[in-house]
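Some notes on the structure that comes next.
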Amino acid sequence: MKKRLVFFALAIALMFVLASPMVYPVTVSGYNQLQPLRLGFPLPYLEQQVTLTPFDSDFPLTLRMQSPLENPSTILWGNLLLDVVLVAGMLFVLWLLTKVLLARFV
């Protein structure tokens with residue numbers, strides 16, 4: 001049962017973390033934050049080289065992941081692994097709290 005729960009938590013965490021650059025935007029307030037653009041949640045694990053040249057009046061910009069075919073991307077594997085473990089741990093703790101609270105009040 002616990003092996004299945006750990007696998008399920010890791011699978012949900014992996015889906016959540018991999019979708020995060022496409023869902024959660026990044027706010028850029030200056031030129032120095034554009035190169036490279038770091039995306040991902042809770043820790044940024046994807047770096048993209050963005051070819052935008054905005055004017056000073058355009059800041060702050062809200063950006064999401066751009067096409068990897070047009071903008072070279074790099075995956076920070078350590079941050080990705082840590083993200084998946086953190087989210088899976090949070091899901092596991094949430095499951096334990098739910099189980100304890102249900103057993104206490106039911």
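Side chains included, hydrogens not; waters and symmetry mates left out as well; all remaining heavy atoms used.
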| request: Flag yes if Y24 and I75 sit in one hydrophobic cluster, no otherwise; membership is Ile, Leu, Val, Met, Phe, Trp, Tyr, and two members link when side-chain heavy atoms are under 4.5 Å apart. | output: yes

| field | For M65 against L46, the heavy-atom pair lying closest together | value | SD-CD2, 3.5 Å

| query | If you look at every heavy atom in M22 and R64, which pair is closest and at what distance? | reply | O-CD, 3.3 Å

| Minimal non-hydrogen separation, L34 against L52, with atom names | CD1-O, 4.3 Å

| Can you get from V17 to V6 by hopping between Ile, Leu, Val, Met, Phe, Trp and Tyr side chains that sit under 4.5 Å apart? | yes

| field | Note, P42 side chain near V87 side chain (heavy atom, < 4.5 Å) | value | yes

| query | Listed by chain and number, what are the side-chain contact (heavy atoms from CB on, under 4.5 Å) partners of L97, not counting sequence neighbours? | reply | V93

| query | Can V85 be reached from L80 by stepping across I, L, V, M, F, W or Y side chains whose heavy atoms are under 4.5 Å apart? | reply | no

| query | Tell me, do R4 and F8 make a side-chain contact under 4.5 Å, heavy atoms counted? | reply | no

| field | Minimum-distance pair of heavy atoms, taken over all atoms of L76 and P44 | value | CD1-O, 3.9 Å

| task | Could you pull out the closest heavy-atom pair between F92 and L5, with the gap in Å? | result | CE1-CD2, 3.2 Å

| query | Mind checking whether L61 and T27 have side chains closer than 4.5 Å, heavy atoms only? | reply | no

| Atom CD in E47, atom CG in L37: separation rounded to 0.5 Å? | 9.5 Å

| 4.5 Å side-chain heavy-atom contact, S20 and Y45 | yes

| remark: Interatomic distance, CG@N79 vs CG@L43, rounded to 0.5 Å, equals 5.5 Å

| task | State, yes or no, whether a side-chain contact exists between L10 and L14 at a heavy-atom distance under 4.5 Å. | result | no

| task | Just jot down the side-chain hydrogen bond (donor to acceptor under 3.5 Å, both in side chains) partners of S73, sequence neighbours excluded, or say none. | result | Q48

| said: According to ring-ring contact (aromatic ring centres under 6.0 Å, His included), who are the partners of F16, at least two apart in sequence or on a separate chain? | reply: none

| query | Atom CH2 of W77 and atom CG of L82: how far apart are they, to the nearest 0.5 Å? | reply | 14.5 Å

| query | Under 4.5 Å between any side-chain heavy atoms of L101 and F105, yes or no? | reply | yes

| field | Plane angle bin for Y31 and F59 - parallel if under 30°, tilted between 30 and 60°, otherwise perpendicular | value | perpendicular

| Quick one: does N71's side chain have a donor or acceptor within less than 3.5 Å of a partner on Q66's backbone? | no

